[in-house]
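Chain A is the first sequence line, chain B the second, and so forth, proteins listed ahead of strands; every chain is numbered from 1. We use all heavy atoms of the structure for the numbers below, so side chains are in, but hydrogens, waters and symmetry mates are not. Just so we're clear, the structure is a prediction, and the values are computed from it rather than from any experiment.
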2 protein chains.
Amino acid sequence: MTRLQNRSSGGRRRASHSMESVLTEAVALLDEAGAPALTFRALAQRLGGGVASIYWYVASKEELLDRATDHVVGAVLTDIEALPGSDDPIDDLRAMAVTLFDAIVRRPWLGTYFMRNTDIQGNALRLYEKLGQQTLRLDLSAQQRFHAVSAITGVVIGSAVDLGQEPPEEVLDGTVTHDEFLSRFAQAWRELDPEEFPFVHEIVDEFDGHDDVDQFRSALELTLAGLRLQAGV
Amino acid sequence: MTRLQNRSSGGRRRASHSMESVLTEAVALLDEAGAPALTFRALAQRLGGGVASIYWYVASKEELLDRATDHVVGAVLTDIEALPGSDDPIDDLRAMAVTLFDAIVRRPWLGTYFMRNTDIQGNALRLYEKLGQQTLRLDLSAQQRFHAVSAITGVVIGSAVDLGQEPPEEVLDGTVTHDEFLSRFAQAWRELDPEEFPFVHEIVDEFDGHDDVDQFRSALELTLAGLRLQAGV
DNA sequence: CATCGTATCGAACGTTGTTCTATCGTATCG
DNA sequence: CGATACGATAGAACAACGTTCGATACGATG
């Protein structure tokens, strides 16, 4: 597919890309340094070519982001389809949601771009379908099924946008770890007026050193419990 | 507070701002044309001053966004504090969440920036506290309370980021209404293979012409049902 | 009147997404 | 085999953005 290029004589050689390589390198940039690192110039340099060449494959940065996102969502979809499956559709829904969330934990930038532009992001639609198929096994109305899947993706996204935020400079520098950064917040909260902020004081120890995955799983569990109640199983 | 400035003779008169006016005009820009419309140049023109002057009030655009967000969250907080309150903490949680979501429906850009940088955004913390105080009335552990409030804000944000997305050009132009745009999606979905996408076909009529508020309320209801179960009330 | 801190502003800088125009390489065709 | 068309690449330029710099005005204080 990719053309051979071994003219040994001097002179700038032309690079040859492919949709695959463009997306792979774009994802690599996102993985290594987050969304701000993905610029056309950085991507071009990585591909060993010019900036304008990328525009032959994508019409805009938005489309680049969409395609890159869908590229990795495809892998998530494969993972989800490989899930064993059980006789309880709600257990299966949980397993799918956890698989999706784990992927976002590994790639925090996904949280921001996932599920935008479902027209281009074909894999997002397939994932949506896979979730929905589990609701078909439940005794629900069409509207309830629609809302149930929306609720589950909402929980995933609502928990994921937290992760997608670019960490502050101190954390990126490595001078402060992520946990230390959160502990500073906790410390500031501890110094708040206990009369005015009784709840914050109640949960500050939970917040300090909390795990994002636990937080997500608890939120998911509440939604699934409500769904189970609604379906009467 | 604002200085008089009536030197009638020619010569460019100097503008005089205030933190309040900067934030108010910033919010006005966001309200009128969304996040992309808020640029330092547009804001300066609106304030009748120079670009660099804004930097006397905020250190960066990030801080401007944070302060603008917290500015309107303050109003939401006032609404929430004015809520009547009942003998059922879960009913109160629902009322608060709905109030918050309604504000985001009116100001879609809020969804993207709400609950980032809780250090600067003091009102977000107060709102967090107000939600949490309702969980203090429930028979839960500290961790359960922490997770419950996270779950509720997660549902709100997860439903809100949908709204925060900039509508495509056709919708902004007015050539196509928002509902027509969604109907096109629905139509495309209807033409999908029913064997491969049974769920999408099941819910396509629900999706077509669906209401974001209904969708949110259903998701919220599932979470609250789960919470009620957990608290045993 | 001199001085200092507050507040303002035009101009410039660097980076970004995007477009323009020119070119190269390869396959196709008369 | 040479001409041609098209897929693909690329440098340079453009407009818009956030941000910084240096100069300047204003009002209060000594």
Side-chain angles (χ1 to χ4, degrees), chain A residues 1-23 25-26 29-30 33-68 109 112-113 116-117 166 168-169, chain B residues 1-23 25-26 29-30 33-68 109 113 117 166 168-169:
Chain A
M1 184 62 69
T2 46
R3 171 167 30 91
L4 295 176
Q5 37 167 330
N6 38 11
R7 292 202 296 116
S8 53
S9 71
R12 226 157 246 80
R13 59 177 56 168
R14 295 166 75 84
S16 93
H17 321 273
S18 71
M19 188 82 250
E20 257 288 316
S21 66
V22 168
L23 262 36
E25 294 305 319
L29 275 170
L30 289 166
L38 179 57
T39 68
F40 277 78
R41 284 168 179 84
L43 181 56
Q45 190 169 11
R46 230 186 148 96
L47 290 164
V51 212
S53 304
I54 307 172
Y55 279 89
W56 195 88
Y57 295 94
V58 293
S60 66
K61 180 160 190 186
E62 193 185 328
E63 188 185 322
L64 175 63
L65 248 351
D66 282 339
R67 294 199 117 100
W109 54 270
T112 319
Y113 300 108
R116 302 203 320 191
N117 294 42
E166 284 301 308
E169 205 176 344
Chain B
M1 185 63 66
T2 45
R3 170 166 33 86
L4 295 176
Q5 36 167 331
N6 38 11
R7 290 202 297 116
S8 52
S9 73
R12 228 156 244 84
R13 59 180 55 170
R14 294 166 77 84
S16 93
H17 317 149
S18 71
M19 189 80 248
E20 257 289 318
S21 66
V22 169
L23 261 36
E25 294 304 318
L29 275 171
L30 289 167
L38 179 57
T39 69
F40 277 81
R41 286 169 178 83
L43 182 56
Q45 191 169 11
R46 229 185 149 96
L47 290 164
V51 212
S53 304
I54 307 172
Y55 279 88
W56 194 88
Y57 295 94
V58 294
S60 66
K61 182 163 189 184
E62 193 185 326
E63 189 186 321
L64 175 63
L65 247 353
D66 282 339
R67 294 198 117 101
W109 54 270
Y113 300 108
N117 293 45
E166 284 302 308
E169 204 177 344

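- No contact: A:Leu64 has no heavy atom under 4.0 Å from any strand.
- Atom CZ in A:Arg41 sits about 12 Å away from atom P in D:dG11, given to the nearest Å.
- Between A:Glu62 atom CD and C:dT18 atom C1' the separation is 14 Å, expressed in whole Å.
- Across the protein-nucleic acid pair, A:His17 atom NE2 and D:dG7 atom P stand 17 Å apart, rounded to whole Å.
- In this structure, the CG atom of A:Leu29 is 15 Å from the C1' atom of C:dT16, given to the nearest Å.
- B:Gly49 and B:Ala15 make their closest contact through CA-CB, 3.9 Å (heavy atoms, listed as atom of the first residue, atom of the second, distance).
- Rounded to an integer number of Å, the gap from B:Leu38 CG to D:dT19 P is 11 Å.
- Side-chain contact between A:Glu62 and A:Asp66: present, with at least one pair of heavy atoms (C-beta onward) separated by less than 4.5 Å.
- Of all nucleotides present, only D:dG2 satisfies the Watson-Crick or G-U wobble test against C:dC29, with each distance under 3.5 Å.
- Enclosure of atom CD in A:Glu63 by more than 12 non-hydrogen atoms of other residues, nucleotides or ligands within 6.0 angstrom is indicated.
- If you measure from atom CZ of A:Arg14 to atom P of C:dA22, you get 15 Å, rounded to the nearest angstrom.
- Looking at residues 42-57 of chain A, you'll see A:Gly48, A:Gly49, A:Gly50, A:Ala52, A:Ser53, A:Trp56, A:Tyr57 sit with a heavy atom under 4.0 Å from some atom of DNA chain D.
- Residues A:Arg67 and A:Met19 are in side-chain contact: their nearest non-hydrogen atoms beyond the backbone lie under 4.5 Å apart.
- When both distances must be under 3.5 Å, the Watson-Crick or G-U wobble mate of D:dA13 is C:dT18.
- Rounding to whole angstrom units, CZ of residue A:Phe40 and P of D:dA16 are separated by 18 Å.
- Remark: A:Arg41 pairs with no residue by the salt bridge (charged side-chain N to carboxylate O under 4.0 Å, His left out) rule, at least two apart or across chains.
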